[in-house]
Amino acid sequence: MKRTHHCNALRPADAGKNVTLMGWVDTKRDLGGVTFIDLRDREGVTQVVFRPDSKVQETAQRLKSESVIEIAGLVTVRSPDTVNPKLATGQVEVVATSLVVHNACADLPFPMEDDKADKVNEDLRLEYRFLDLRRPRNLGLLKLRHKAARAIRAELDDQGFIEVETPTLFKSTPEGAREFLVPSRLQPGQFYALSQSPQQYKQMLMVAGVERYYQMARCYRDEDLRADRQPEFTQVDLEMSFIDREDMYALIEGILKRAWKEAIGVDIPTPFPRMSYREAMDRFGIDKPDTRFGMEIQDFTALFAGSAFKVFREAATTSGSVVRAINAKGLADLTQGELTNLENIAKAAGARGLAYIKCEGGEWKSPIVKFFSEEEKAALRQKLDIADGDIVFFAAAPWEQASTILGRVRLESAALLRAKGRLAIPADRYDFLWVIEFPLMLWDEEEKRYLSAHHPFTAPVPEDEPLLATDPAKVRGQHYDIVLNGVELGGGSIRIHDTAVQKRVFEDVLKIPADVVASRFGYMLKAFSYGAPPHGGIALGFDRVVAMLAGRSSIRDILAFPKTQSGQDLMAQSPGVATAKQLRDLRIRVVDEEPKAKG
RNA sequence: GGGGUGGUAGCUCAGUUGGUUAGAGCGCCUGCCUGUCACGUAGGAGGUCGCGGGUUCGAGUCCCGUCCAUCCCGCCA
């Protein structure tokens, strides 16, 4: 049993050769006398002919789709009127002289033709993932993922990086994402946590002198799932010593450029634009702006400081509050349901309501326009470029909240406009963007203390370091996020490598008790006192990178065996129950859910 | 934890104000067919309408609960 060719290989030049092909029955066309089989393997399709004079035609007539067969036969050039131009091998066919059925396929649970299969319920396809993946379109996604990984590894290798594997059995780090706990049998009552990131280990590798580390790191987070979030996912995780932010930008731009080129043949221009967090929030109302379309936020705080409209006047004259607006061009004819939905989105972001002006038939239709002076209307019209068919949305709130409200409304409005065919974004448009100068700390109203905006190892911008003691909220971190078309591909930072600064951040700014710092991060502080080089790193969400390359919105599509939104693998049926012995060994008792308190 | 959408034949779907025996296309099965490539053609089988309860003379259809999938919010240092 030896295959001579893949199913995409044969051409007229191969005529006269005796070949052996193996693969799956793609389709069968039984004409009573002659029978045709399209034989498919991972590379392509070849037509095989079974003639009545062959001993195997009767077997061929009984073949079922997706059975695995081996055929041997003679490569023959097709007559001109029977050439199939849709097939790479369409000028030839193999006239079969032998046929072996290696595995007959049962009745299929869903059609395998790409266009039909794509519409089949995802849960059924996930249960039969081995079949769904067999479709050329989906095998192509696995190949694409492979190409992207290969390009990234090649670039990192060229740049002097060493791939090092770090443990995924780590310990709990409670201030991060919820973790998967793993009970320790040898240390009863104690638990590992599956690593949510190799963060601390990779910093130790820098202290160890590795200088340039990377890893295609499997990470785990026990949070609710989304189209772009799985409980286990892969990060291109890397760390470098003796660098600054500019080195990191150049490196990542090189990696992504190479991945785009080698995976999908697209040249992306570098360097990428950069935008401060402040500017991103001001203009787009989000820290990962989609800059493929405008609809930018405009400020009218000064304009409404003396307005007759009390809601706007009060916001405009309150310190820290703003009055801002966006113009959703061409969306004035939205339905009542769509408007209500936008209102709900605004309310979820903290708005009390969603003030708007519809401009239709040369008229401004709005519950609030009667309060506006001519001067205010003129300023709005001019700055927002208001024309017939537009609808303007307002937010009057503290700066960050107003930004978030309009940022959400902007994205939803764009989605509506795209659905109505009034906003066209080319599928091959890639707007990469660095978002930089994030605040290092955020004040947590519930806990009445500062929390790290990203993680506590991020170094402050040098000129802001004195503010750590006086006004931590004003300190900008040396953090950077890489954003593509409104999707956060990854983020990282230059780290603190000084024991004293790290200790101050932990204890004085974040107010983590000294004993907790010692037990959780003691080894890091210890390491930093033994020759820690200045260093920084980043982690790219590899699944998201591949999804963007593939033009897919769900990372389930580009994972071989993804989990559903409730965290289950429908094919393997995980998770499952543990045996009594396993639980005994781990000293774990499963208790019934406590009845919900009735209120 | 919250909001939206969906669940009817193996698959994709239709199913009217609640009313006789729940339909279509594809797939499957059985014939016929020697140049098809979405082969064609004739016939056939196939349904606990996700599950449980309720209203009703009568429920795929109305009500309540629940499960599953999915999108989003919260969450994701």
Side-chain angles (χ1 to χ4, degrees), chain A residues 26-39 45-53 57 61-62 64-66 76 78-87 89-90 93 95 106-128 131 173-179 196-197 199-200 219-231 233 337 340-341 344-350 404 408 411-412 415 440-442 444 450-458 477 479 488 491 493 510 512 520 541 553-554 556 563-566 568 570 596:
Chain A
D26 196 68
T27 51
K28 177 183 73 181
R29 293 177 294 281
D30 178 9
L31 274 60
V34 67
T35 301
F36 298 96
I37 299 284
D38 284 347
L39 186 64
V45 172
T46 299
Q47 174 165 282
V48 181
V49 190
F50 296 87
R51 296 245 164 85
D53 53 354
Q57 198 227 1
Q61 286 177 311
R62 286 198 304 270
K64 296 194 61 167
S65 286
E66 296 304 320
T76 311
R78 298 199 201 181
S79 68
D81 55 318
T82 61
V83 162
N84 183 352
K86 285 187 248 173
L87 228 50
T89 59
E93 60 195 5
V95 180
D107 284 350
L108 294 168
F110 56 83
M112 296 284 285
E113 297 93 336
D114 276 333
D115 292 332
K116 286 181 187 168
D118 280 346
K119 290 183 194 153
V120 173
N121 267 335
E122 196 180 3
D123 53 343
L124 184 70
R125 287 187 285 127
L126 287 178
E127 182 186 342
Y128 291 91
L131 281 178
T173 52
E175 51 282 300
R178 188 184 296 118
E179 297 159 316
Q196 39 174 307
S197 144
Q199 183 64 34
Q200 297 182 32
C219 302
Y220 305 86
R221 290 180 190 170
D222 189 11
E223 295 289 351
D224 284 359
L225 278 56
R226 290 277 197 288
D228 61 350
R229 292 187 345 213
Q230 283 273 306
F233 57 101
T340 304
N341 187 40
N344 289 338
I345 286 167
K347 282 177 186 166
T404 305
R408 296 257 175 89
L411 287 177
E412 183 61 25
L440 191 62
M441 316 278 173
L442 298 171
D444 189 283
Y450 286 99
L451 294 178
S452 295
H454 289 93
H455 60 57
F457 316 116
T458 301
H479 180 95
E488 182 191 331
S493 62
L510 298 177
I512 304 174
R520 238 179 253 164
S553 54
S554 168
R556 287 189 300 273
K563 292 184 174 56
T564 67
Q565 199 163 43
S566 54
Q568 290 175 298
L570 297 178
K596 282 179 189 166

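- The C1' atoms of rG4(B) and rA59(B) are separated by 26 Å, rounded to the nearest whole Å.
- Checking the phosphate oxygens (OP1, OP2) of rA69(B), no side-chain nitrogen or oxygen of R556(A) falls inside 4.0 Å.
- Side-chain atoms of D224(A) come within donor-acceptor range of the base of rG74(B), with a qualifying N/O pair under 3.5 Å.
- Residue-level contact check: P109(A) touches the backbone only, with heavy atoms under 4.0 Å from sugar-phosphate atoms and none from bases.
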Quick one: which protein N/O atoms are closer than 3.5 Å to N/O atoms of nucleotides 5-9 of chain B? Pair and distance per line, please.
none

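- The backbone N or O of V83(A) lies less than 3.5 Å from no partner atom in the side chain of R78(A), so there is not a single donor-acceptor pair.
- Counting only heavy atoms from C-beta on, A177(A) has its side chain closest to rC76(B) among rC76(B), rA38(B), rU36(B).
- Look at T564(A) and you'll find a side-chain N or O under 4.0 angstrom from OP1 or OP2 of rA69(B).
- Minimum interatomic distance between P109(A) and L124(A) (heavy atoms only, all atoms of both residues): O-CD2, 3.8 Å.
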When you look at M112(A) and D26(A), which way does the side-chain contact (heavy atoms from CB on, under 4.5 Å) test go after all the steps? CA-CA 9 Å; M112(A) 296 284 285; D26(A) 196 68; over 6 Å; no

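- The nearest whole Å value for the distance from the CD atom in Q47(A) to the C1' atom in rU36(B) is 7 Å.
- As judged by a 4.0 angstrom heavy-atom cut-off over every strand, R221(A) is placed among residues touching the sugar-phosphate backbone only.
- Spacing of C1' atoms, rG46(B) relative to rG23(B), comes out at 13 Å, to the nearest Å.
- The gap from the C1' atom of rU21(B) to that of rG35(B) amounts to 44 Å, rounded to the nearest Å.
- Nucleic acid contact class of I345(A) (heavy atoms, under 4.0 Å, all strands): none.
- Distance from the side chain of R29(A) is smallest for rU36(B) among the nucleotides rU36(B), rC11(B), rC73(B).
- In this structure, the side chain of Q196(A) engages the main chain of A177(A) through a donor-acceptor pair within 3.5 Å.
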How far apart are the C-alpha atoms of L108(A) and E66(A), what are their side-chain angles, what is the distance that settles it, and do they pass the side-chain contact (heavy atoms from CB on, under 4.5 Å) test? CA-CA 8 Å; L108(A) 294 168; E66(A) 296 304 320; 3.9 Å; yes

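- Shortest non-hydrogen contact noted between G33(A) and P52(A) is O-CG, 3.7 Å.
- Each of R51(A) and P456(A) was matched to the nucleotide of RNA chain B holding its nearest heavy atom; the match closer to the 5' end belongs to R51(A).
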Carefully, step by step, assess F457(A) and Q200(A) under the rule side-chain contact (heavy atoms from CB on, under 4.5 Å). CA-CA 9 Å; F457(A) 316 116; Q200(A) 297 182 32; 4.0 Å; yes

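- As judged by a 4.0 angstrom heavy-atom cut-off over every strand, D123(A) is placed among residues touching the sugar-phosphate backbone only.
- A distance of about 16 Å separates the C1' atoms of rG6(B) and rC51(B), rounded to the whole Å.
- With both pairing distances under 3.5 Å, rA69(B) is matched to rU5(B) as a Watson-Crick or G-U wobble pair.
- Residues E113(A) and T27(A) are not in side-chain contact: their nearest non-hydrogen atoms beyond the backbone lie 4.5 Å or more apart.
- Going from atom CZ of R178(A) over to atom P of rG1(B) covers 10 Å, rounded to whole Å.
- Here rU70(B) is the nucleotide among rC37(B), rC76(B), rU70(B) with the atom lying nearest to any side-chain atom of Q565(A).
- Of the residues listed (R51(A), Q57(A), R62(A)), the one engaging T35(A) in a side-chain hydrogen bond (donor to acceptor under 3.5 Å, both in side chains) is Q57(A), and it is the only one.
- Looking at heavy-atom distances under 4.0 Å, R125(A) makes no contact with the nucleic acid at all.
- OP1 or OP2 of rA69(B) sits under 4.0 Å from a side-chain N or O of Q568(A).
- Between E179(A) and T173(A), the side chains place a donor N or O and an acceptor N or O closer than 3.5 Å (distance only, hydrogens not considered).
- Residue-level contact check: T35(A) touches neither bases nor backbone, having no heavy atom under 4.0 Å from any strand.
- Spacing between rU70(B) and rG60(B) at atom P, rounded to whole Å, works out to 29 Å.
- For the C1' atom pair drawn from rC62(B) and rG18(B), the interatomic distance equals 8 Å after rounding to whole Å.
- Residue-level contact check: E122(A) touches the backbone only, with heavy atoms under 4.0 Å from sugar-phosphate atoms and none from bases.
- Applying the 4.0 Å criterion to OP1 and OP2 of rC76(B), one finds that Q196(A) has every side-chain N and O outside that range.
- One interatomic measurement links the two molecules: CG of L124(A) to P of rC13(B), which rounds to 12 Å at whole-angstrom precision.
- When L31(A), V48(A), D30(A) are each tested for a side-chain contact (heavy atoms from CB on, under 4.5 Å) with F36(A), only one passes: L31(A).
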Just do the salt bridge (charged side-chain N to carboxylate O under 4.0 Å, His left out) check on R229(A) and E223(A) with the steps written out, would you? CA-CA 9 Å; R229(A) 292 187 345 213; E223(A) 295 289 351; 6.0 Å; no

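- If you take CG of L451(A) and P of rC75(B), they are 12 Å apart, rounded to a whole angstrom.
- Across the protein-nucleic acid pair, K28(A) atom NZ and rG35(B) atom C1' stand 17 Å apart, rounded to whole Å.
- With rounding to whole Å, L126(A) atom CG is found 15 Å from rC68(B) atom P.
- Residue R226(A) is in base contact, counting any heavy-atom pair closer than 4.0 Å across all strands shown.
- If you check every strand for non-hydrogen atoms under 4.0 Å, Q230(A) touches nothing.
- Note on N344(A): nothing from the nucleic acid sits closer than 4.0 angstrom, heavy atoms only.
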Can you build the contact string for nucleotides 23-28 of chain B? Use B for base contact, S for sugar-phosphate-only contact, and - for no protein heavy atom under 4.0 Å. ---S-S

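- In this structure, A227(A) and R556(A) approach most closely via the heavy-atom pair CA-NH1, 4.1 Å.
- For V120(A), the side-chain atoms get nearest to rU12(B) when compared with the rest of rU12(B), rA69(B), rU34(B).
- When the P atom is compared between rG3(B) and rG65(B), the two are found 11 Å apart, to the nearest whole Å.
- Listed nucleotides: rC76(B), rC11(B), rC39(B). Nearest to the side chain of E223(A): rC76(B).
- Nucleotide rU36(B) holds its P atom 16 Å from the CD atom of Q57(A), rounded to whole Å.
- The shortest heavy-atom contact between T46(A) and T89(A) is CA-OG1, 3.6 Å.
- Only the C1' atoms considered, rA38(B) is 28 Å distant from rG15(B), to the nearest whole Å.
- In this structure, D228(A) atom CG and rU70(B) atom C1' are separated by 14 Å, rounded to whole Å.
- The base-pairing partner of rG10(B), taking Watson-Crick or G-U wobble contacts with both distances under 3.5 Å, is rC26(B).
- Within 4.0 Å of T82(A), counting heavy atoms only, lies at least one base atom of the nucleic acid.
- rU36(B) has F36(A) stacked on its base ring, the centres lying under 5.5 angstrom apart and the planes within 30 degrees of parallel.
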